[in-house]
Amino acid sequence: MIVEDMMEKTQLESPEQMKLFDHEFETILDAIPQPIIIKDELSHFRFLNTAACALVGKTRRDLIGRTDCDILPGVEANRIREMDKEVLRTGTDLSVEEDITLSDGTVRNLVTQKRRVELASGGSKERLVVATIEDVTACRKAETELRNSEEHYRSLVELHPQVPWTANRSGEVLEVGPRWKDITGFEAADALNRAKAIHPDDLDDVQRLWSRSLVTGEALDVEFRLATAEGGYRWFRNRAAARKAQDGTIVRWYGILENVDDRRKAWEALQESESRFRAIADDAPVMIWVTDASGAATYHSRLWLETTGQTAERAKGFGWAEAVHREDRQKVECGFDAALRRQKPVRVEYRLRRADGTLAWVIDIGQPRFASDGGFLGYVGIALDITERRKAEQERLLAQKQIHHMARHDSLTGLPNRQCLREEFERISEKIAPGTKIAILCLVLDNLKAINDAYSRTTGDLLLRGVAERLRKCVKHADMLCRFGGDEFVVLRMGTTGSNEARNLAQHFISTLEVPYELAGTQVDLGVIIGGAAARVAGQSLDELIQAADIALEQAKAGGRGTYVEYEPGMDADLQAKQQMKVSLRRALEKGELEVHYQPLVHLPTGRITTCEALVRWTHPEIGPVSPAEFIPIAEETGLIVPLGDWVLRQACKEATRWQPHVSVAVNLSPLQFRNRRLASDVRDILGETGLDPSRLQLEVTESVFLEGSDNNLWLLQEFRQLGVKLAMDDFGTGYSSLSYLRSFRFDKIKVDRSFISDLPMSDESLAIIRAVAGIGRTLGITTTVEGVETETQLHAIKAEGFDEAQGYLFARPVPAEQIPELIQTIHR
């Protein structure tokens with residue numbers, strides 16, 4: 001073991017010293033949350049802390065004495081060895097940033113800092129390479145208090161007097177206890193010539209102190225090295241007190257000689273251990289601190305002192321708090337006080353005043369230290385400068401807010417757009433009492449194109465801003481004024497009294513907007529046409545209302561500028577048919593007219609069916625089969641998607657229990673189902689009712705579940721993961737930020753949308769995309785599936801790229817549940 005080797009170099013002889021050094025050294029390095037690796041000049045691992053072992057994926061016992069060649073590919077191991085040689089040869093610090101694949105298959109960006117450390121041991125110097133790896137935020141445990149250990153040894157010695165002795169008033173030794181020979185190896189008579197037995201380096205101090213005691217009568221207490229029969233020296237403590245007569249004169253001296261050699265060498269070992277700790281801590285790229293049981297700081301590493309400009313003495317106790325920004329000081333003190341009372345880990349972010357007067361954001365993490373008997377010893381922690389990371393995070397959040405705002409607002413007028421209107425309507429409609437009336441007015445500007453052609457688009461943009469400003473003055477604070485693009489504006493008013501209010505509002509818009517505009521010295525005349533729709537909140541969706549208003553607008557266009565038409569039932573037969581479809585779908589769900597078909601997913605390397613995707617089908621009793629593309633959106637609009645999804649999930653789990661154990665079932669979840677906070681509980685209940693193993697259930701979601709930015713959706717995905725079910729991202733690649741969602745949540749499977757497969761292998765663009773997806777899957781350890789495989793040519797193309805699964809008509813179309821067992825037996829590719 002590296003600890004034993006280092007103890008030998010420091011001449012630790014007794015088992016107690018070895019145990020103490022091993023405990024102190026390992027405890028201190030293992031407490032540091034960053035991985036630390038120490039290697040000798042031959043690149044042998046001399047020590048790895050716990051964080052480093054976790055990173056490598058091996059135990060310390062498996063690594064000590066070995067080299068990088070034993071755990072890494074030859075090329076990478078040789079490269080690391082060359083870096084170690086360079087650091088040892090030049091003494092120059094080396095920092096390397098690179099992507100490393102860990103033992104669990106994950107890829108991390110690690111920054112490795114290497115430094116040469118020269119440690120004095122036994123009169124010689126040893127050169128070591130200390131590598132510190134950033135990416136882990138664990139803390140180093142500090143060494144046990146040296147003072148407690150020292151007092152422990154001192155107490156043991158004081159309780160065990162070893163050799164009593166007496167001397168006359170002039171200091172001549174009269175007698176020595178019988179154990180003198182057992183301890184020193186000399187006869188008792190030799191004690192009379194004690195000066196010859198004392199180490200030459202200690203003799204002057206002993207004689208000086210003894211002479212002073214003889215003159216003053218003060219007690220003697222001195223430590224020195226005494227020769228032994230074996231030829232070496234041991235440390236002893238000699239204490240003596242004078243017995244005095246009534247007149248104060250000294251009658252005789254009585255003393256004891258105690259063997260303190262073990263304690264003295266242990267103290268020296270602790271001093272060396274502390275020096276070693278300070279050498280490593282002062283070279284670490286984080287600020288390290290240690291406190292006692294009262295919370296007072298006893299140590300700050302060099303980086304803290306350099307960053308804050310404090311001296312070691314000034315930072316001790318609670319002086320370090322003076323470097324904390326005044327506005328953050330109370331928060332920091334409260335956080336540490338609370339952690340100290342509970343003796344729990346502490347984590348605080350605050351601003352730290354640098355020596356140059358600037359401020360640094362740091363994250364301060366402390367871990368409590370406990371003795372072997374459970375006694376609280378204090379804290380050891382690190383403060384990591386996160387200024388740049390925090391600045392980048394704030395810039396990212398600001399950019400996200402700006403992107404979010406830009407995606408929901410018109411860039412020219414600053415008005416909300418269609419997406420913003422839809423989200424706001426969904427938000428407020430849940431809080432509006434049933435029966436509340438709303439009005440939607442769609443406005444189209446007349447003659448805008450002619451104005452753009454005549455006066456340039458710049459003038460047209462000025463005109464649109466002028467229109468937006470006039471409309472703002474016409475609407476109420478609670479109204480929502482939007483621009484849908486081009487020459488179309490929309491106004492939503494909640495809580496209208498009826499058609500008259502909507503008509504009056506429309507007339508107000510017409511009279512306001514038709515007043516001529518003065519633009520850059522040019523007078524522009526503009527007209528407006530308005531279509532409106534009114535309904536109760538619980539009656540129709542926003543899209544249906546806008547559609548109704550658009551239908552009314554089309555009729556209003558026939559009347560020309562200044563015309564307002566309100567939608568009336570019968571204006572659009574398609575809208576009525578859609579409403580009837582909603583009623584039919586609700587009845588179909590209640591009467592069991594729906595059924596679930598299943599389409600297999602084939603494991604490409606073996607040709608076996610691994611999963612069957614559940615697909616709901618509806619045969620209308622009057623019009624026949626209805627496409628899911630028609631009734632699924634209706635189910636989402638009406639809220640029927642929740643009971644429908646629950647029914648499909650229950651049916652799929654029930655049918656899957658009849659299949660072979662290696663075949664799973666995949667069920668699609670609508671983003672609207674995630675609004676049900678009990679969704680995870682419902683899935684758990686269905687698994688319990690049907691008896692399906694959770695690992696055989698795959699839930700497929702699209703990136704739409706992330707678009708709302710709701711933590712609830714991510715929380716539900718975490719709950720699914722805890723249940724043991726598999727999670728797949730469906731239609732991968734069709735969204736603008738699918739890759740970012742793989743960072744937000746670790747999916748078990750990604751399914752490539754069929755749109756990337758249809759033109760394979762002729763399309764170089766599609767081929768490049770699926771190749772990249774396959775690479776992502778291999779790197780992240782995620783199963784990759786391709787949808788829509790219909791030809792052997794497509795199959796060969798995706799096999800060549802290394803995909804795991806395929807699904808499509810080439811293998812099988814969706815079939816009823818009763819055909820699946822036979823299909824599983826017959827499909828082999």
Side-chain angles (χ1 to χ4, degrees), residues 426 429-430 538-544 577-599 611-657 664-690 692 697-705 707-708 712-713 716-717 719-720 723 725 727-731 751 787 814-818 820:
E426 291 180 357
S429 61
E430 297 177 354
Q540 293 177 302
S541 69
L542 177 66
D543 288 339
E544 290 173 337
K578 189 175 183 180
Q579 288 295 106
Q580 185 60 41
M581 183 71 74
K582 293 179 182 179
V583 176
S584 299
L585 179 59
R586 188 180 301 275
R587 183 179 63 246
L589 185 60
E590 293 173 353
K591 294 186 177 183
E593 296 177 1
L594 301 170
E595 61 179 329
V596 181
H597 286 196
Y598 301 88
Q599 186 175 25
T611 308
C612 291
E613 181 179 1
L615 303 169
V616 63
R617 294 293 183 262
W618 179 23
T619 302
H620 194 282
E622 298 176 0
I623 63 176
V626 181
S627 170
E630 295 183 34
F631 69 82
I632 292 298
I634 292 177
E636 292 180 331
E637 289 180 13
T638 58
L640 288 175
I641 192 65
V642 174
L644 176 60
D646 183 82
W647 176 80
V648 171
L649 180 62
R650 182 173 277 100
Q651 287 293 112
C653 291
K654 185 187 302 182
E655 293 295 341
T657 58
S664 301
V665 64
V667 180
N668 293 279
L669 292 182
S670 166
L672 297 181
Q673 290 179 261
F674 278 76
R675 297 180 183 177
N676 175 19
R677 293 184 175 274
R678 289 188 48 81
L679 182 58
S681 299
D682 293 342
V683 172
R684 181 178 60 248
D685 294 342
I686 290 174
L687 290 171
E689 293 172 11
T690 60
L692 181 67
L697 174 60
Q698 296 180 11
L699 298 179
E700 297 186 3
V701 300
T702 64
E703 64 177 308
S704 302
V705 301
L707 291 178
E708 297 180 1
N712 178 63
N713 290 356
L716 280 172
L717 291 176
E719 282 200 304
F720 291 148
L723 290 177
V725 303
L727 295 168
M729 178 179 281
D730 199 9
D731 299 336
K751 298 183 70 177
E787 300 176 320
V815 298
E818 58 269 17
I820 289 297

Strictly by modelled atom types, are Asn668 and Glu613 linked by a side-chain donor-acceptor pair under 3.5 Å?
yes

Flag side-chain contact, heavy atom, 4.5 Å: Leu716 against Asn676
no

Please walk me through it: do Phe720 and Leu669 pass side-chain contact (heavy atoms from CB on, under 4.5 Å)?
CA-CA 12 Å; Phe720 291 148; Leu669 292 182; 3.9 Å; yes

Residues Glu719 and Ala680: closest non-hydrogen pair is OE1-CB, 3.2 Å

Close side-chain approach of Thr611 to Gln698, heavy-atom, < 4.5 Å
yes

Starting at CE of Met729, measure out to OG1 of Thr702 and round the result to the nearest 0.5 Å.
8.5 Å

Between Arg678 and Asp685, is there a side-chain heavy-atom distance shorter than 4.5 Å?
yes

Leu697 vs Leu649, test: side-chain contact (heavy atoms from CB on, under 4.5 Å). Steps then yes/no.
CA-CA 9 Å; Leu697 174 60; Leu649 180 62; 4.0 Å; yes

Might you point out which heavy atoms bring Thr690 and Thr657 nearest each other, and give the distance in Å?
O-CG2, 3.5 Å

Just so I know, are the side chains of Asn713 and Val701 near enough to count as touching, which here means a heavy-atom distance under 4.5 Å?
no

Residues in side-chain hydrogen bond (donor to acceptor under 3.5 Å, both in side chains) contact with Ser670, at least two apart in sequence or another chain:
Glu636

State the CG-CZ distance between Leu640 and Arg586, to the nearest 0.5 angstrom.
4.0 Å

Working to the nearest 0.5 angstrom, can you tell me the gap between Asp730 CG and Leu699 CG?
12.0 Å

Show me, pair by pair, the donor-acceptor contacts under 3.5 angstrom made by side chains of residues 618-630, not counting sequence neighbours?
{"residue": "His620", "atom": "ND1", "partner": "Glu622", "partner atom": "N", "Å": "3.0"}
{"residue": "His620", "atom": "ND1", "partner": "Ile623", "partner atom": "N", "Å": "3.3"}
{"residue": "His620", "atom": "NE2", "partner": "Ser584", "partner atom": "OG", "Å": "3.4"}
{"residue": "Ser627", "atom": "OG", "partner": "Ala629", "partner atom": "N", "Å": "3.1"}

Heavy-atom side-chain proximity of Val642 to Arg675 below 4.5 angstrom:
no

Pairwise distance NZ(Lys582) to CD(Glu544) - rounded to 0.5 angstrom:
3.0 Å

Within the structure provided, determine whether Leu644 and Ile632 are in side-chain contact (heavy-atom separation under 4.5 Å).
yes

With rounding to the nearest 0.5 angstrom, report the CD1 to CZ distance, Ile686 to Arg650.
4.0 Å

CD1-OH distance between Ile820 and Tyr598, expressed to the nearest 0.5 angstrom:
8.0 Å

